[in-house]
2 protein chains.
Amino acid sequence: MKISAQEEYGLRCLVQLASLNEGESVTLPQMAEREGISTANAGKLMWLLNKAGFVQSTRGTKGGYLLARPANEIRLSEIIKVLDEDVIDNHCGSYTGVLDICVHKGDCGIRPVLVGLHEIVENALSQITLAQLVGGERKVDAMFHSIQGIHRTLEANRV
Amino acid sequence: MKISAQEEYGLRCLVQLASLNEGESVTLPQMAEREGISTANAGKLMWLLNKAGFVQSTRGTKGGYLLARPANEIRLSEIIKVLDEDVIDNHCGSYTGVLDICVHKGDCGIRPVLVGLHEIVENALSQITLAQLVGGERKVDAMFHSIQGIHRTLEANRV
DNA sequence: GGAAATCGTTACTTTTTTGTCAAGATTGCA
DNA sequence: TGCAATCTTGACAAAAAAGTAACGATTTCC
């Protein structure tokens, strides 16, 4: 499985915006430099995120980008769905809907795996907000403890 | 996030082999037909899986492929690591090791997310074996219950 | 009003991933 | 032995993703 470049850098740019103080904004060249990508590339990402309503832009001198919604109301799952098709998708067709592209109409051997992965990833990402990725170890630790909880549950439910 | 074609079809082919009765084997054309891919493509996948020691092949008339190890000892996480780099990887560098490609050497804002996702996916996939994907609703249900367990744990540990 | 800074949009290029082909090697069987 | 079935391997072609470039539109400030 791969996290696409678009997902990764899009998310990173949003974290930058979430870290701004009241009234500040960031320009494309600044953003690009901080993430190690080209300005053109950052521009394309921000265009997507702007269309989707995550960021607000102003043109001209003193222009730039800032978040259009409060950072603690933006869930990572939403972001990923805008930057890519879904939190996880596969080659053969959406396994959350009807599987009609694939040859395995009724008896797809790996479908339970796809559905299961989709569910746990969607769950995890929908519980993390941009605000939680800003400033610090405390929040990161909390997230990690949640993940350790998952670990224990899987052990207990071992099939 | 995407599951690559190679991961998806490679896994499907192995499920076919896991479904065989004692003494049976499957040829490339059969395998390709059942998965809706070309023989050439199936050939390349099986070549990879053969090199990695998952399958055994015999050439000539009556030849074909079969599993080289018991289906209940082959974990999905192992398979995915052979068909792709890792259960999850990102553009910027392995987040299980040192992050040296990325501009964010010490303070990568999304690193906790990458590490967390890697952990829960690795965990889930390492607890599912090929044998569990063969023959039926009972095993699939059991797996699903495990996933529901994860769901509840996440709720309980909400950050 | 004009110049400079900035975003917006589309088209294009490069790279990576997928998929195909063809020639070779091995085996079984008549 | 020789033919047919089968896997093996490397080179090639097509498609998708990632990245770049160019030009247009808007805003600020002098």
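The sequence lines fix the lettering, A, B, ..., with proteins before strands; numbering per chain opens at 1. As the structure is a prediction and not an experimental result, all values here were calculated from the model.
- One finds the CD atom of A:Glu35 at 10.0 Å from the CG atom of A:Leu45 (value rounded to the nearest 0.5 Å).
- In this structure, B:Glu7 atom CD and C:dT18 atom C1' are separated by 13 Å, rounded to whole Å.
- Within the structure, every side-chain polar atom (N or O) of B:Lys51 is placed at least 4.0 Å from both OP1 and OP2 of D:dT9.
- For B:Asn50 and D:dT8, the shortest distance from a side-chain N or O to OP1 or OP2 is below 4.0 Å.
- In this structure, A:Ile3 places its CD1 atom 16 Å from C1' of D:dA17, rounding to the nearest Å.
- B:Gly43 comes within 4.0 angstrom of nothing in the nucleic acid, heavy atoms only.
- As a whole-Å value, the separation of B:Leu48 CG from C:dT18 P is 12 Å.
- Taking the side chain of B:Ser57 as heavy atoms from C-beta on, and the options D:dT20, D:dT8, C:dG28, the nearest nucleotide is D:dT8.
- The phosphate of C:dG8 has OP1 or OP2 within less than 4.0 Å of a side-chain N or O from A:Tyr65.
- The distance from atom CD of A:Gln6 to atom P of D:dA16 is 16 Å, rounded to the nearest whole Å.
- Side-chain proximity of A:Pro29 to D:dC7, C:dA5, C:dC7: nearest is C:dC7.
- Whole-Å rounding puts the B:Lys2 NZ to D:dA18 C1' distance at 12 Å.
- Going from atom CD1 of A:Ile37 over to atom CD of A:Glu8 covers 10.0 Å, rounded to the nearest 0.5 Å.
- Heavy atoms of B:Val55 sit nowhere under 4.0 angstrom from any nucleic acid atom.
- Not one side-chain nitrogen or oxygen of B:Lys62 sits closer than 4.0 Å to the OP1 or OP2 atom of D:dA4.
- A side-chain donor-acceptor contact under 3.5 Å links A:Arg69 to the backbone of A:Glu73.
- The nearest heavy atom of DNA chain C to A:Gly60 and to A:Trp47 marks one nucleotide each, and the one closer to the 5' end goes with A:Gly60.
- In the set D:dG19, C:dT20, C:dC29, the nucleotide with an atom closest to the side chain of B:Ser38 is C:dT20.
- In this structure, of C:dC21, D:dC7, C:dG19, it is D:dC7 that holds the atom nearest to the side chain of B:Leu28.
- In this entry the distance linking CG of B:Leu83 with P of C:dT18 reads 11 Å, nearest Å.
- Not one side-chain nitrogen or oxygen of B:Asn41 sits closer than 4.0 Å to the OP1 or OP2 atom of C:dT18.
- In the set C:dG19, D:dA25, D:dT20, D:dA25 carries the atom at the smallest distance from any side-chain atom of A:Arg59.
- When heavy atoms are screened at a 4.0 angstrom cut-off, B:Ala40 is found touching base atoms of the nucleic acid.
- Nearest nucleotide to the A:Thr61 side chain, out of D:dA21, C:dA4, C:dC7: C:dA4.
- A straight line from CD of B:Gln30 to C1' of D:dA5 spans 12 Å, rounded to a whole angstrom.
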Worksheet item: Can you list the steps and then say if B:Asp86 with B:His118 is a side-chain hydrogen bond (donor to acceptor under 3.5 Å, both in side chains)?
Response: CA-CA 9 Å; B:Asp86 196 350; B:His118 184 274; 2.9 Å; yes

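- Atom CD of B:Glu35 and atom P of C:dG19 are 13 Å apart (whole Å).
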Item to complete: Assess whether side-chain hydrogen bond (donor to acceptor under 3.5 Å, both in side chains) is satisfied between A:Glu7 and A:Ser4, documenting all intermediate values.
Response: CA-CA 5 Å; A:Glu7 290 172 306; A:Ser4 72; 3.2 Å; yes

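- Atom CD1 in A:Ile88 sits 8.5 Å away from atom CG in A:Leu125 (nearest 0.5 Å).
- Considering only side-chain atoms of B:Lys44, the nucleotide from C:dA5, C:dG19, D:dT20 that sits closest is C:dG19.
- Using a 4.0 Å heavy-atom cutoff across all strands shown, B:Ser4 reaches sugar-phosphate atoms only and no base atom.
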